[in-house]
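I have placed the structure first, in the form of structure tokens, so that the comments after it can refer back to it.
Numbered from 1 within each chain, the chains take letters A, B, ... in sequence-line order.
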Amino acid sequence: MSKIPIAIADCNSFYASCERSMNPNLKNKAIVVLSNNDGVIIALNKEAKDLGIKNFSPYFQVENIIKYNDVKVFSANFSLYDEISKKVMNIFKEYSPNVEVYSVDEAFIKLDGFERLGITNYCHKLRQDVLNRTSIPISIGIANTKTLSKLANRLVKKDESYEGVLNLMDFDNIDHFLKITEIGDIWGIGRRYQKMLNSYGIKTALDLINMNDKWVRSKMTVVGLRTVQELRGFPTIPMNYSRANKKMIMYSRSFGHKLENIKDLEETLAYFTCRAAERMRNQSSAANYLTIYLRTSSFDKNIKRVASDYTIKLPTPTEITSELIYYAREALYKIFKENTPYSKAGILLSGLMPIYETQQNMFDVLDRTKHAKVVKAMDIINKKFGTDTIKSATLGVNRPWTQKQNRLSDNSLHNKEKNIYSESTISFLT
DNA sequence: TCTGGGGTCCTAGGACCC
DNA sequence: TCTGGGGTCCTAGGACCC
């Protein structure tokens, strides 16, 4: 059987490239993008890396480098990034009917059927096309397994002479590429496994493929074994075209400043619950479990570290915001401690199931059909006019947890066009 | 002063049943 | 008194990903 080429196309420094694509003056400028709380760097382009800035550095630690070198700084603007992501993915789909969108900035593309055009050339063309039409530079790795194409993709980013595309299927023997890939750079091998494998003297991808299957299985479960087989050129991780519904939905944020007052936390969690419930209804799911968690800062040495959570099994699976808020509050009261400077909270909705499969409990005190209609109407209005145009009264107006986000790029055109930032949303973002 | 957010899959072990 | 053995479901925790 002939081997099927799979490409992974990945946008370079995606968020930074997006900001640059909106503003041509940023060409050749170092750019960093900050997390939701303007706390850490979550994206940076090559120019910024060359200055010695590292991803996930707290902003204050690199502030001097940034000021001294006139690095451009942006608060993350995820709706903009989603928009550009869609454009890029749509171009991929023009080049193959079989595209698996793997994350906001990368996709696997199955390329069987295009061999006569020359797979490597075809991908060079795709890359140029994306650059011309979106200003987003991408890198493409190609192989006959996902893990090998990821490996090729890494190598592309390290070596400019590939001009953005490396096809391992162009080589009879790929040992060289396996040998220059460190164990921790393999897709599917994280820090823990890296450490473990290193302790056995296994340093490169080539070392790993020579290990015995049983040994791998016992040390790294079937997941690790699949990775090894893929590195050997046997596909074991299938393409996954349709993104299934989420099995759990989380909403959590760090606060702009610490919260100690239970009323503030109540309001905060009500807001978080509201957002999580919206996402859940978006995929027509209802939750069986609700978990609340609270954290103090893990960086502040002067206070006792607190990380508590509490899970409630809901009496009936539900997607109704007001009901979820009620239980979120109950969970909060279980774990809240006085005189504790909480810095982060979150809600997790799990045990998700399709709404239509939920069964009415005969002794239910709520008229679910009626409530369901109300939340549905709220979703429609909020989608149209912006987050929180209509909202539950519990949410209050204070936004005690408000985040800092001082450096949103002025993409007013984008915002107006999509009507994504309503007045109320802006007030909570800024 | 300021330290991200949101997911997936697998396994072991306990509860419970026959 | 004996404390087997197979099966299922659930959950916590550990690993990973972007």
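- A side-chain donor from one of A:N12 and A:S139 sits under 3.5 Å from a side-chain acceptor of the other.
- Counting heavy-atom neighbours within 6.0 Å of A:Y326 OH, excluding the residue itself, gives a total of 12 or less.
- Counting only N and O atoms by type, the side chains of A:E323 and A:T318 include a donor and acceptor under 3.5 Å apart.
- Looking at heavy-atom distances under 4.0 Å, A:F14 makes no contact with the nucleic acid at all.
- For the pair A:N23 and A:K72, the minimum side-chain heavy-atom distance is 4.5 Å or more.
- With a 3.5 Å limit on both pairing distances and Watson-Crick or G-U wobble geometry required, the stems of 3 or more pairs in DNA chain C span B:5-18 with C:5-18.
- Taking the six-membered ring for Trp and thresholds of 30 and 60 degrees, A:F272 and A:Y251 have ring planes inclined between 30 and 60 degrees apart.
- C:dG4 sits 16 Å from B:dC16 when the C1' atoms are compared, rounded to a whole Å.
- Put simply, CD1 on A:I8 is 9 Å from P on C:dC18, counting in whole angstrom units.
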Where protein sits on nucleotides 3-16 of chain B, one letter per nucleotide: B base, S sugar-phosphate only, - none, heavy atoms under 4.0 Å: BBSSSBSSS-----
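- Residue pairs meeting the ring pair (Phe, Tyr, Trp, His ring centres under 6.0 Å) criterion with at least one member in residues 205-235 of chain A, sequence neighbours excluded: A:Y200-A:W215.
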Full working for side-chain contact (heavy atoms from CB on, under 4.5 Å) between A:L178 and A:L151: CA-CA 8 Å; A:L178 297 176; A:L151 185 148; 3.9 Å; yes
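- Whole-Å rounding puts the A:K150 NZ to C:dC17 P distance at 9 Å.
- In this structure, the ring of A:Y95 has its center less than 6.0 angstrom from the ring center of A:Y122.
- Under 3.5 Å, the side chains of A:S284 and A:Y356 contain no donor-acceptor pair of N or O atoms.
- Within residues 185-213 of chain A, no residue is approached by DNA chain B to less than 4.0 Å at the level of any non-hydrogen atom.
- The CG atom of A:N55 sits 15 Å away from the C1' atom of C:dC17 (whole-angstrom rounding).
- Of the residues in residues 335-342 of chain A, none lies under 4.0 Å from DNA chain B by heavy-atom distance.
- For A:E338, there are no side-chain hydrogen bond (donor to acceptor under 3.5 Å, both in side chains) partners, not counting sequence neighbours.
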